[in-house]
Amino acid sequence: MDKHYDAKAAEAKWYKFWEENGCFHQDPDGREPYSVVIPPPNVTGILHMGHALNQTIQDILVRWRRMQGRNTLWLPGTDHAGIATQNVVEKALKKEGKRRQDLGREKFLERVWEWKKQYGGTIVHQQRMLGNSTDWRRERFTFDEGCSRAVAKVFTQLYDEGLVYKGNYIVNWCPRCGTALANDEVEHEPNHGHFWYVRYPVVGSLKGVKGEPYKDYVMVATTRPETLPGDTAVAVNPKDDRYAHLVGKTVVLPLTGREIPVISDDYVDREFGTGIVKITPAHDPNDFLVGKRHGLAEINIMTDDAHMNELAGEKYCGMDRWECRKAIVEDLDAGGFLDHIEDIDNQVGHCYRCHETVESRLSKQWFVKMKPLAEPAIAAVKSGEVKFVPERWSKIYFNWMENIQDWCISRQLWWGHRIPAYTLRVNAGIREEGTGKREEVFVAETAEEALAKAKKATGNAALTIADLDQDPDVLDTWFSSWLWPFSTLGWPEKTKDLEYYYPTTDLVTAQDIIFFWVARMMMAGIHFMKKPPFRNIVIHGIVRAADGSKMSKSKGNSLDECDTKVNKEKFEIGRNFTTKIWNAAKFLEMQEQALGHETSDERRDAFSRLMSSVSRPEDISLSADDRHILYAADLACRKVNEILEAYRIQDGALAVYDFFWTQICDGYVEYVKDSPNKAVSVAILRDVFWKALRLLHPYMPFVTEEVAHQLGFLKEGETIMLQEFPKGYTDAEKAAWGVTEENYEFVNAKREAITAIRALRAEYKVPPATFVKVTVATDDAKAKAEVESLKKAMRAESVEFVPAGSDLAMPSKITKFGTVYLSLEGLVDKAAEAKRIAGELAKLAGFIKSSEAKLANENFVAHAPEVVVAEARRKLAENKEKVAQLEKLAKLFA
RNA sequence: GGGCUAUUAGCUCAGUUGGUUAGAGCGCUUCCUUGACAUGGAAGAGGUCAGUGGUCCGAAUCCACUAUAGCCCACCA
């Protein structure tokens, strides 16, 4: 073996080997499939801790299932990420002094594809560095041809089913990105704002003297005075007696002179503000609904980039919204309309991408009706067909699904799936701009099909594609992501992959995209495939910044700095463990060389040669320690499988770690050094080592592969990836070898005795070089047989045995093995020791008292399980014995 | 406002249906280098399991309330 492990070289070498030899790729066959689709990261992205956590969990599950013999598919890919990608390219253009409009749609898209070709591979490359065993031959992109076909079909089908519609709606509008945002793309943040109290004069009232300009007015409070020119009413609560007399009257909208009605609506909260609200239907979602109920006009006073338009009035037209706010406040004040200003803390929505303040704005958008899709998706989780792990996340899922809102799916971007909806050109004579004549929309998967529909609808056979205008908008990125589990397997074609791997088995993701992604995939899967897209939804934590807050790009805390602190520690644990594995492997190799096992066949087969013919424990000379490690290996295999079945990834890691470090290295390797039967022990060490390597492989793929080859467990061309995941020994084997729990416990007890003597040596400050006289009180013949190993491990000059229950005046510790005594040899500071013993006695007295009370309680004896009662009795007796010995010692030191 | 979750050693966290004197890693203290491994080994200190009450023979674990923190949803003009 090499002296040191070269991680860099091994990682590069083995990843290349795995990928080139198709180790990640399998084709449908007769076995049980195990399939997982990766949550596609943004193609613009770089790998962060969240990805690493998410993908590591998946890799562990996938490698484990693959070794178990399942036909495994882990499907990778990236997301085209509409806004994010477009932003990146637009920024690059800006450096050249250009805007996307300068290039035009087609040229701009070419630029984006070029960018994707050049830089989009970054994250894919990083995923390889992680060691992901994803099937790169099936890599997909949410904007590739197949996904686009799936998107067009889905949109068309939903439209035909009446589940997609176009509507006037108030949307969250990001003025910087120039697009509508879905509700969940808006982040609400606390804001220190103002409440401007504004007087709206009642029509007919007289203008008064200075300081009290109008005799009669209503006072409204607003946080957004710039929307005032868009007001079309003021509203009060119908139950509000204070203002009942005003309902039906008309007030003057300040600065405009326009007259607007006073209406009453339940939406108004009597307690909040003045109890009177200005209604601006085109610029507030609630006002929009109120306006609909009362048939109010919707006056949109802003442009796409949040400047005021001509409807805002000549003076304000062209102003930026904040500028306009200032101007309007000044004008209100000057006109005597501003009563006073109050500070207020409220919440303001920001774009999740660029962090610009979101504006509510009236526009025409495409929507998906979600309720009909949500119902079966709720049922699938309720019935247990799909399970959340941990289960509690289902509550959050239900909560959202049951209150679901229609999904705004159109985005005013260029980079994305173009909406497959077409209208006839003005010059085709069908639509007349500005006439209000109903637009006829033709939705179809392709332009040709749309044309056919148009011909049929108009009866005009002479129409050509050139007469069609495609909707300029694109679809929300999630509109392709929600099809991911089946679009990536070939849908809408009926492929073998789709038939075999769908529904996928596990979906592993963080809690923050349960709504964005998981819930929508459930809906799409059930609707289009008639089956939910996965059986288990495994939710893991999100990686948080040091202060516990969620990491996000806009907060600027997503990069390494925050992570390094936590991670450095974890990284060190991993690195130290790797070294430990490497050194243990070197030890094994040395032992084998000492035995003269030179060829790898000799080494590999030593264990089976030794053990295979054994049918009774008497046929083979295994020591208690040999049998102990075989039992521990068996236990570890069973435990790890069981733990992973329950998705307890971290616990699995601890179990393997403990098996390797504590059981193999600290325990068995120490024994093997002085084993009386080296040939046997080294063969056993090799076998448990091989089991440990395979148990470790899902967690540490590279080092286990490298060690497996350097130690000759595998021949050239083989890989640990495709070896069987260890299940433990068979019952027949354990019976034949005498591998029992009883023996396991015996060796544990022996080690406990050794630890006890070491502790006594430390307590009495016996120098390491000094050999001591040790006495063990036990009647166990097996214990006596272990005297040689005890002598060495305890650094004992001699080990003597006395009958159990013997009462010697020496420092002692009680163990399951028997009471161990350390001979003093006059090494002790009597006064200090007497003090220590007194403290010890006080502690024990407390325990004995409470134990006695417990055992005196009839209910405890009657109701507690027998083992618990027996254990309590044993502990009490043990501690009483300890007290007796300490008292004896106390006299000795007195 | 509605919902969810957390609070255990200096730090990061386990603790699987309630049952030995509550664990791990890091950090800390003491000691040990001709040893496969100092990226190591041995021993040790450190916790009234956020608080209060309740159920039970028995509570870190179940229930109620309180405090603190975090997340999600909805939002007040």
Side-chain angles (χ1 to χ4, degrees), chain A residues 1 3-5 183-184 188 195-196 220-224 227 234-235 267-269 271-280 284-287 290 344 346-347 349 392-393 395-396 398-400 403 405 511-512 514-515 541-542 544 547-550 565-566 568-570 572-591 642-643 646 648 650-651 654 657-658 665-666 669-670 672-673 754-755 758-763 765-769 795 843-844 846-847 850-851 854-855 857-865 867-872 874-875 878-879:
Chain A
M1 283 195 57
K3 193 159 182 211
H4 298 287
Y5 173 56
N183 279 337
D184 36 23
H188 292 273
F195 238 163
W196 285 272
V220 305
T222 178
T223 54
R224 291 161 65 212
T227 64
V234 297
Y267 151 69
V268 181
D269 179 352
E271 311 301 321
F272 196 80
T274 61
I276 307 177
V277 196
K278 69 192 218 28
I279 301 296
T280 323
D284 182 278
N286 288 306
D287 292 7
V290 173
I344 185 176
N346 58 355
Q347 300 268 322
R392 65 185 147 89
W393 290 108
K395 280 187 203 168
I396 303 208
F398 291 138
N399 191 28
W400 190 73
N403 297 297
Q405 306 283 317
Q511 65 214 45
D512 54 346
I514 292 182
F515 310 134
I542 56 172
R544 289 173 198 284
D547 61 355
S549 68
K550 196 173 147 180
K565 212 174 175 182
V566 182
K568 217 176 192 169
E569 241 173 53
K570 299 244 157 90
E572 271 170 19
I573 295 170
R575 190 197 52 184
N576 293 354
F577 190 45
T578 300
T579 307
K580 191 75 181 175
I581 295 169
W582 195 259
N583 284 316
K586 281 198 317 202
F587 172 80
L588 174 58
E589 186 183 51
M590 275 174 51
Q591 296 292 319
E642 202 182 291
I643 288 172
R648 285 157 51 198
Q650 185 62 25
D651 290 350
L654 283 176
Y657 181 91
D658 180 70
C665 294
D666 293 349
V669 161
E670 292 304 318
V672 171
K673 284 177 185 168
I754 292 166
T755 300
R758 284 177 179 163
L760 284 169
R761 292 180 63 111
E763 271 172 38
K765 305 209 187 314
V766 179
R795 295 187 74 73
K843 230 198 250 172
L844 286 171
F847 176 76
S850 68
S851 288
K854 198 172 177 183
L855 282 163
N857 184 332
E858 284 172 22
N859 281 325
F860 171 67
V861 179
H863 296 284
V867 278
V868 175
V869 179
E871 190 62 26
R874 202 185 67 73
K875 279 281 171 195
E878 193 176 272
N879 280 284

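Just the heavy atoms: all of them, side chains too, but no hydrogens, waters or symmetry mates, feed the values below. Letters A, B, ... are given to chains in the order of the sequence lines, protein chains preceding strands, and every chain is numbered from 1.
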Quiz question: going by heavy-atom distance under 3.5 Å, is there a donor-acceptor pair between the base of [N] and the side chain of [X]?
X	N	value
K580(A)	C37(B)	yes
R648(A)	U16(B)	yes
D651(A)	U16(B)	no

Checking A36(B), C76(B), U39(B) against the side chain of R575(A) (C-beta onward), the nearest is U39(B)
Rounded to whole Å, OH of Y657(A) lies from P of A14(B) at a distance of 18 Å
Rounded to whole Å, the CZ-C1' distance (F398(A) to C4(B)) equals 14 Å
Hey, does [X] reach any base, or is it just sugar-phosphate, or nothing, if we go heavy atoms under 4.0 Å?
X	result
A759(A)	sugar-phosphate
V669(A)	base
D287(A)	nothing
E670(A)	base

Distance check, [atom1] atoms only: [N] and [M], in whole angstrom units.
N	M	atom1	answer
G3(B)	C65(B)	P	12 Å
G10(B)	C28(B)	P	15 Å
G19(B)	C49(B)	P	16 Å

Using OP1 and OP2 only, check whether a side-chain N or O of [X] sits under 4.0 Å from [N].
X	N	value
N859(A)	G58(B)	no
N857(A)	G58(B)	no
T280(A)	A77(B)	no

Exercise for the section: Decide yes or no for F195(A) and T222(A): does some side-chain heavy atom of the first lie under 4.5 Å from some side-chain heavy atom of the second? Expected result: no
